[in-house]
Amino acid sequence: MQGLLNDWRRSNYAKDTTPEIAGEDVTIMGWVHEIRDLGGIIFVIIRDVTGRIQITAPSKKVDAEILEELRAFRKESVVAVKGTVQEAGKAPNGVEIIPKEIKILNLSNQPLPMDPTEKVKAEIDTRLDSRFLDLRKENVSAIFKIKGQMFHTIRDFFYENGFYEINTPKLVASATEGGTELFPITYFEKEAFLGQSPQLYKQMMMGSGMDKVFEIGQIFRAEEHDTLRHLNEAVSIDAEASFMDDEDMMKVLNDMLVNVIADINENCANELEILGHELPEAEGDFPHVTYDEAVDIINSKGVEMDWGEDLSRAAEKALGDTMGGFYFLTKWPSAIKPFYVMPFEDDEKYAHAFDLMYNNLELSSGATRVHQYDLLVKQIEERDLNPDGFGSYLKAFEYGMPPHAGWGVGADRLTMVLTGSENIRECVLFPRDRHRLTP
RNA sequence: GCCCUGGUGGUGUAGGGGCUAUCAUGCGGGCCUGUCGAGCCCGCGACUCGGGUUCAAAUCCCGGCCAGGGCGCCA
């Protein structure tokens, strides 16, 4: 059978094959990026996860059999090459490999559905249809290497600060929370829905005594939105902590993002360079602006907005132009916030709620939560929801629920900021939007 | 869901009632010993779908589907 590894194993990645090891024999494995057959000499560029390396086969130095095998290569096939490293000033990273033995591990079909070398650009729709090929481009995989570092730092940060990682159900019974549309599914003989948020579950966890929890997981929203910053399946980074309020949790979020920015600068310099992206400044405390101040700013920019309204797209842009960078938008009107958000004690038309913005993009929403059963029921009723639909949630508030606060961050939107992407689809491997359900 | 724009080889495009439908890249074949956007020669490959107008539709009209941009929706 062709294409098996047998006793072949990769000895070096492309980036580890440097002039310092000239003279050594190595085994390279990867994809055929380019083939340049000049007749008497053949150049093949092999690409792996770390970069590219050149195979050089001069007809005077290598067997005719090797030349034949190289000519059988097709672009994007998976191959393994054993050969000797040779210093070569003219080659891509200062070295080339003179091949001694070759294996084709899997031949690629032709023509390719898109061009991974990007000589001819492809549209995002074409790219997503062949996402595995698209990801072979270093400026695409760089986004996901940065996103991975982001999750790594966030997990480290939570663990170091005493948060327990939890998993809550994504199959839920209730469609009574109001707000966003849910995806209905069939759950045996019952109707069920895909979870829009872990909100109610992480609050119930506050009644468990575990104090501080976080979850990184998928959320589903059945809205027919069609924008560069909405998807129907997204990843949410959710945190909830007992004996803390909105101010405390803004501090947690602020510190977390400072860590994320620092770690990506430190560990993803190469990816940032590939993307030509500079991370935003993030040190110390982000500015805070109240909702009342924001309304004034927005109106002063000539964008009409009444007190009590949510921000329109134009309002977000006007505010983003003035504020710039990361900033917290605080002290929202209670009426446009969900039932579980704590009103101010002295003026209940305001809520202990905040959004974290980056320019005109909303990254996070958070709040001090209502922990008193009676107030919670009252707020549910005020929003024309039925408390009966919240039975198992409300039960947790009857037997010792501590004061608590929390937030949720859109992980894919945060990735847009960290990678300089204009389209959220760029930041999700296999995005789910209004029209796309495959791959 | 609304508004605007568009849909032409595998990919990215030009054209815009009648000529063999343009170009690049790609793919196949040939030449070529230092390529690195290799070069040169030959060849292959396309008008989103349905209906209408017309002697004639890729082109004009209507509708569907899909895409791009903007907005709305998004506790």
Side-chain angles (χ1 to χ4, degrees), chain A residues 33-45 52-62 67 71 74-76 86 88-94 96 98 108-130 133-134 174-182 195-197 199-200 203 219-232 234 236 310-317 332 334-341 351 353 355 362 365-367 369-370 379-380 382-385 389-390 408 410 413 422-425 433-436:
Chain A
H33 186 70
E34 282 187 284
I35 308 164
R36 281 188 277 274
D37 181 356
L38 275 63
I41 186 166
I42 302 172
F43 300 97
V44 176
I45 311 293
R52 299 173 199 169
I53 186 141
Q54 179 168 288
I55 309 298
T56 304
S59 56
K60 278 187 183 165
K61 283 195 189 169
V62 304
L67 293 172
R71 289 196 169 100
R74 282 188 271 172
K75 284 188 185 181
E76 297 305 321
Q86 191 172 85
K90 293 175 195 164
N93 36 355
E96 58 190 11
I98 311 300
S108 171
N109 278 152
Q110 297 292 345
L112 300 162
M114 55 170 286
D115 172 20
T117 67
E118 273 198 301
K119 281 177 197 159
V120 181
K121 295 259 183 224
E123 291 182 3
I124 183 104
D125 196 51
T126 305
R127 293 168 45 209
L128 290 174
D129 283 341
S130 303
L133 262 180
D134 187 45
S174 171
T176 55
E177 294 172 35
T180 193
E181 293 293 318
L182 302 183
Q196 61 177 132
S197 159
Q199 180 62 30
L200 305 188
Q203 283 194 266
I219 57 170
F220 304 90
R221 303 200 169 173
E223 297 295 337
E224 295 190 342
H225 35 47
D226 207 356
T227 78
L228 298 179
R229 60 199 178 280
H230 288 92
L231 289 174
N232 296 289
S236 178
D310 208 342
L311 275 66
S312 68
R313 190 70 193 124
E316 285 180 336
K317 285 176 175 171
W332 284 72
S334 296
I336 53 171
K337 284 291 170 183
F339 62 81
Y340 49 76
V341 167
D355 278 5
E362 179 189 334
S365 280
R369 320 299 191 186
V370 173
Q379 298 211 132
I380 288 171
E382 279 171 359
R383 284 163 180 76
D384 292 325
L385 298 168
F390 295 87
R413 284 191 177 181
E422 296 288 319
N423 188 338
I424 196 167
R425 278 157 263 249
D433 62 28
R434 176 74 184 82
H435 303 287
R436 180 174 288 278

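Chain A is the first sequence line, chain B the second, and so forth, proteins listed ahead of strands; every chain is numbered from 1. Every value quoted in this text rests on a predicted model; they were computed, and no experiment measured them.
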* A:His225 side-chain N/O to B:G1 phosphate OP1/OP2 under 4.0 Å -> no
* To do: Find the partner of B:C19: check Watson-Crick (N1-N3 plus N6-O4 or O6-N4) and G-U wobble (N1-O2, O6-N3) distances, both under 3.5 Å, and reply none if neither fits.
  => none
* To do: Please measure how far the C1' atom in B:A24 lies from the corresponding atom in B:U13, and state the result in whole Å.
  => 8 Å
* **A:Ile35 CD1 to B:U25 P, straight-line distance once rounded to whole Å** => 17 Å
* **B:C62 and B:A57, which share atom name C1', separated by this distance in whole Å** => 15 Å
* Nucleotide of B:G12, B:C27, B:U33 approaching A:Leu38 most closely (side-chain heavy atoms) -> B:U33
* **Assigned partner base of B:C36, Watson-Crick or wobble definition, under 3.5 Å** => none
* Atom pair CG (A:Asp355) and CG (A:Asp310), whose distance is rounded to the nearest 0.5 Å -> 8.0 Å
* Asked: Rounding to the closest angstrom, what is the interatomic distance between B:U59 and B:G15 at atom C1'?
  -> 9 Å
* Taking the side chain of A:Val120 as heavy atoms from C-beta outward, which of B:C66, B:G12, B:G34 is closest to it? -> B:G12
* Asked: Roughly how many Å is it from CZ in A:Arg313 to C1' in B:C74, rounded to a whole number?
  -> 13 Å
* Structure fact -> Of the listed B:G10, B:U35, B:C73, the closest approach to the A:His230 side chain comes from B:C73
* Roughly, in whole Å, what's the span from CG in A:Asp129 to C1' in B:C66? -> 11 Å
* Among B:A38, B:G34, B:G72, the nucleotide that comes nearest once only the side chain of A:Ser312 is considered -> B:G72
* Residue-phosphate contact under 4.0 Å: A:Thr126 side-chain N/O, B:G10 OP1/OP2 -> no
* **Interatomic distance at C1', B:G28 relative to B:A21, whole Å** => 23 Å
* Find out whether A:Trp332 and A:Val341 are in side-chain contact, i.e. whether some heavy atom of one side chain is under 4.5 Å from a heavy atom of the other. => no
* To do: Send over the distance from A:Asp226 CG to B:C3 C1', rounded to a whole Å.
  => 13 Å
* Could you check which of B:A75, B:A38, B:G34 has an atom nearest any side-chain atom of A:Arg36? => B:A38
* Asked: Would you say B:G26 has OP1 or OP2 under 4.0 Å from some side-chain N or O of A:Lys121?
  -> no
* Does a side-chain N or O from A:Arg221 land closer than 4.0 Å to OP1 or OP2 of B:A75, or not? -> yes
* Structure fact -> A:Phe220 atom CZ is separated from B:A75 atom C1', nearest whole Å, by 18 Å
* Please state the C1' separation for the pair B:C49 and B:U8 - nearest whole angstrom. => 15 Å
* Go through B:G70, B:G10, B:G34 for me and flag the one nearest to the A:Ile41 side chain. => B:G34
* Report the C-alpha distance between A:Gln54 and A:Ile45 in whole Å, list the side-chain angles of each, state the deciding distance to 0.1 Å, and finish with yes or no for side chain to side chain contact (heavy atoms under 4.5 Å, CB included). => CA-CA 5 Å; A:Gln54 179 168 288; A:Ile45 311 293; 3.7 Å; yes
* Structure fact -> note: A:Gln199, atom CD; B:C74, atom P; distance rounded to Å ~ 17 Å
* Does OP1 or OP2 of B:G26 have a side-chain N or O of A:Lys119 closer than 4.0 Å? -> yes
* Asked: Between B:G34, B:C71, B:A75, which one does the side chain of A:Thr227 approach most closely?
  -> B:C71
* Rounded to the Å, how far apart are A:Leu182 CG and B:C74 P? -> 13 Å
* **Minimum-distance nucleotide to A:Phe43 side chain [options: B:G34, B:U33, B:C73]** => B:G34
* Could you check how far CZ of A:Arg434 sits from C1' of B:G1, rounded to whole Å? => 9 Å
* Using the C1' atom in both, what is the distance from B:G7 to B:C47, to the nearest Å? -> 10 Å
* **Electrostatic pair A:Arg436-A:Asp129, nearest N-O below 4.0 angstrom** => yes
* Who is the Watson-Crick or G-U wobble partner of B:G43, with both distances under 3.5 Å? -> B:C27
* Among B:C71, B:C73, B:G12, the nucleotide that comes nearest once only the side chain of A:Glu123 is considered -> B:G12
* To do: Using the P atom on both, measure B:C71 against B:U35 and round to a whole Å.
  => 49 Å
* Just compare B:G68, B:C27, B:U25 and give me whichever is closest to any side-chain atom of A:Pro111. => B:C27
